[in-house]
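Here is the naming used below: chain letters follow the sequence lines, and residue numbers restart at 1 for every chain.
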2 protein chains.
Amino acid sequence: MPTEAEPRKDALVAAAYKILATRGFEGLRTREVAAAVGVNIATLHYYFPHKEDLIRGVVGYAMGRFRETLSGAGSAEGQLRAHFRGLRVLSRDEPELFAVMAELAIRGMRDASLRKIVGGTDDAWRAMLRTLLRRAQDEGALRPNLDPEGMAAVIVATLKGTFMLPATEPENVERTFRQLETLVGLRVKRSPAARTRVERSS
Amino acid sequence: MPTEAEPRKDALVAAAYKILATRGFEGLRTREVAAAVGVNIATLHYYFPHKEDLIRGVVGYAMGRFRETLSGAGSAEGQLRAHFRGLRVLSRDEPELFAVMAELAIRGMRDASLRKIVGGTDDAWRAMLRTLLRRAQDEGALRPNLDPEGMAAVIVATLKGTFMLPATEPENVERTFRQLETLVGLRVKRSPAARTRVERSS
DNA sequence: CGTCTAATCAATCAGATGATTGAATCGTAC
DNA sequence: GTACGATTCAATCATCTGATTGATTAGACG
């Protein structure tokens, strides 16, 4: 357990994480991080010689925090549902995580080593979804005419756009979410003013 | 035409826009903006008393630049196709615009007035897509069992996640794009092991 | 020419910011 | 209790950064 080994170090990372979530990189100051922990700036530099080192600490923490949510067990359909539910809960209880991830994603555009980390997590996420989709499809729980690879890419992109760049009311977030589930086949189409006609395109 | 009225002012905004795209808010310095135009800092402050004023200028420029791409004429299906094609081209020729939009979207989380602007553009985008989808649907060019409202939300979220937070290789961007078009019905399902059956939902 | 205004610049300020230094403090081993 | 390594702090540095000041230039107008 690396947690209790260096409490001060972890506290500094946690404080930086919080500030990064609320103020972004634009407003991340070493002094403020130290103050939040109630520690002298020199102490911060004792553990993290350079600001960049502290940032790497936050990156590791945030990415690990997110990767935790990727795990799961049970049927593929169940895991899929659990994954969606988990994200919904996460966005409600811990929106800071998405704020931090967004900051990191953007910074990754200018920082090759960070881009590698963020991209890796992204790829892992997409790979997990692809596998889950394929398995759920084999279980017969999903639309059969669905490309798992492409759909996984769309899901990841949609969730990133929804949770990491939420420029609108929560109602739109929920609508996006539901539509995504419908597209995958996890949700029955419940159109109230539904068209009962169904044109055939072919 | 507000463009040629104040060339220096526009040049400053353009320079700030460029720096914002490459360095983000984290690396936006008034001195650098002034230097890029070849002008004294005091001159910058003559036109933009505060840094925030300059930023507002960039916001207006970027948002206007993006809203331009939302226009269109012709059949709904044609407009939809044109819209997707336009975004593809834009992401290839002018990725800075998406970088700036991402910066603004994130900053909007902490700045109410900015959030209003970004959210407004977002809403307009979604509304346009919804209308287009509905019309294309009436034209019979799209899957009939598709909720325009929900699908518009998903499309916007996906495109934001894809272009504004591109943490992966371009190949994934293209895959996401194609899958999105397939979902809407703009692209024939070219699955080699294709299913010819078409399920009825009701 | 003289005056007024818009535009521009060199020089500078005040505060912020990442980082360093040298001196405590504290617990542990001898 | 002395010595030593690990922590922590007060004080300070060097630089950066947004902003201001006062002077200068250029053009318009009479």
Side-chain angles (χ1 to χ4, degrees), chain A residues 1-61 100 103-104 106-107 110-111 113-114, chain B residues 1-61 100 103-104 106-107 110-111 113-114:
Chain A
M1 251 137 297
T3 307
E4 56 196 343
E6 302 190 283
R8 193 118 301 181
K9 201 166 181 176
D10 294 337
L12 285 167
V13 167
Y17 171 87
K18 202 163 198 171
I19 293 176
L20 187 58
T22 53
R23 304 251 217 307
F25 276 106
E26 193 187 355
L28 182 63
R29 304 281 171 258
T30 54
R31 270 176 171 76
E32 200 176 344
V33 173
V37 179
V39 129
N40 190 279
I41 312 196
T43 300
L44 182 150
H45 279 101
Y46 173 75
Y47 291 105
F48 303 96
H50 303 278
K51 185 184 183 181
E52 206 55 36
D53 300 322
L54 175 62
I55 291 177
R56 294 296 139 172
V58 175
V59 170
Y61 176 70
V100 170
E103 291 285 343
L104 299 184
I106 284 193
R107 203 170 203 256
R110 298 163 213 130
D111 178 338
S113 72
L114 180 54
Chain B
M1 253 140 295
T3 307
E4 56 195 345
E6 303 191 281
R8 192 117 303 181
K9 201 165 182 176
D10 295 336
L12 286 168
V13 168
Y17 170 87
K18 202 163 198 172
I19 293 176
L20 187 58
T22 53
R23 304 249 218 307
F25 276 107
E26 191 188 355
L28 182 63
R29 305 282 171 258
T30 53
R31 273 175 170 77
E32 199 176 346
V33 173
V37 179
V39 130
N40 190 279
I41 313 194
T43 301
L44 182 150
H45 278 101
Y46 174 76
Y47 290 104
F48 303 97
H50 303 278
K51 185 185 182 180
E52 207 55 36
D53 300 321
L54 175 61
I55 291 176
R56 295 297 139 171
V58 175
V59 171
Y61 175 70
V100 170
E103 291 285 341
L104 299 183
I106 284 193
R107 205 171 201 256
R110 298 163 213 130
D111 178 337
S113 73
L114 180 53

Any side-chain N or O of [X] below 4.0 angstrom from OP1/OP2 of [N]?
X       : N      : answer
A/Tyr46 : C/dT20 : no
B/Thr30 : D/dG18 : yes
A/Tyr47 : D/dT8  : yes
A/Thr43 : D/dC9  : yes

query = For A/Lys18, does the NZ atom have more than 12 heavy-atom neighbours from other residues, nucleotides or ligands under 6.0 Å away?
reply = no
For [X] and [N], what is the distance between atoms [atom1] and [atom2] respectively, to the nearest whole Å?
X       : N      : atom1 : atom2 : result
B/Leu44 : D/dT17 : CG    : P     : 14 Å
B/Asn40 : C/dA7  : CG    : P     : 15 Å
A/Ile41 : C/dA19 : CD1   : C1'   : 9 Å
A/Lys51 : C/dG18 : NZ    : P     : 4 Å
A/Asp53 : C/dT20 : CG    : P     : 11 Å
A/Glu26 : C/dT17 : CD    : C1'   : 15 Å
A/His50 : C/dT17 : NE2   : P     : 19 Å
B/His45 : C/dA7  : NE2   : P     : 17 Å

task = Kindly say whether A/Pro7 contributes a backbone atom to a donor-acceptor pair with the side chain of A/Asp10 at under 3.5 angstrom?
result = no
key: Any donor-acceptor N/O pair, B/Arg110 side chain to A/Thr22 backbone, under 3.5 Å   = yes
key: Cation over ring face, A/Arg8 and A/Tyr47, 6.0 Å, 45°   = no
Closest-nucleotide ordering on DNA chain D, the 5'-leading residue of B/Ala42 and B/Leu28 = B/Leu28
ask   = Taking 4.0 angstrom as the limit, do B/Arg29 and A/Glu26 come out as a salt bridge?
value = no
request  = Look at the side chain of B/Arg31 against the base of D/dG18 and say whether a donor-acceptor pair falls under 3.5 Å; ignore hydrogens and angles.
outcome  = yes
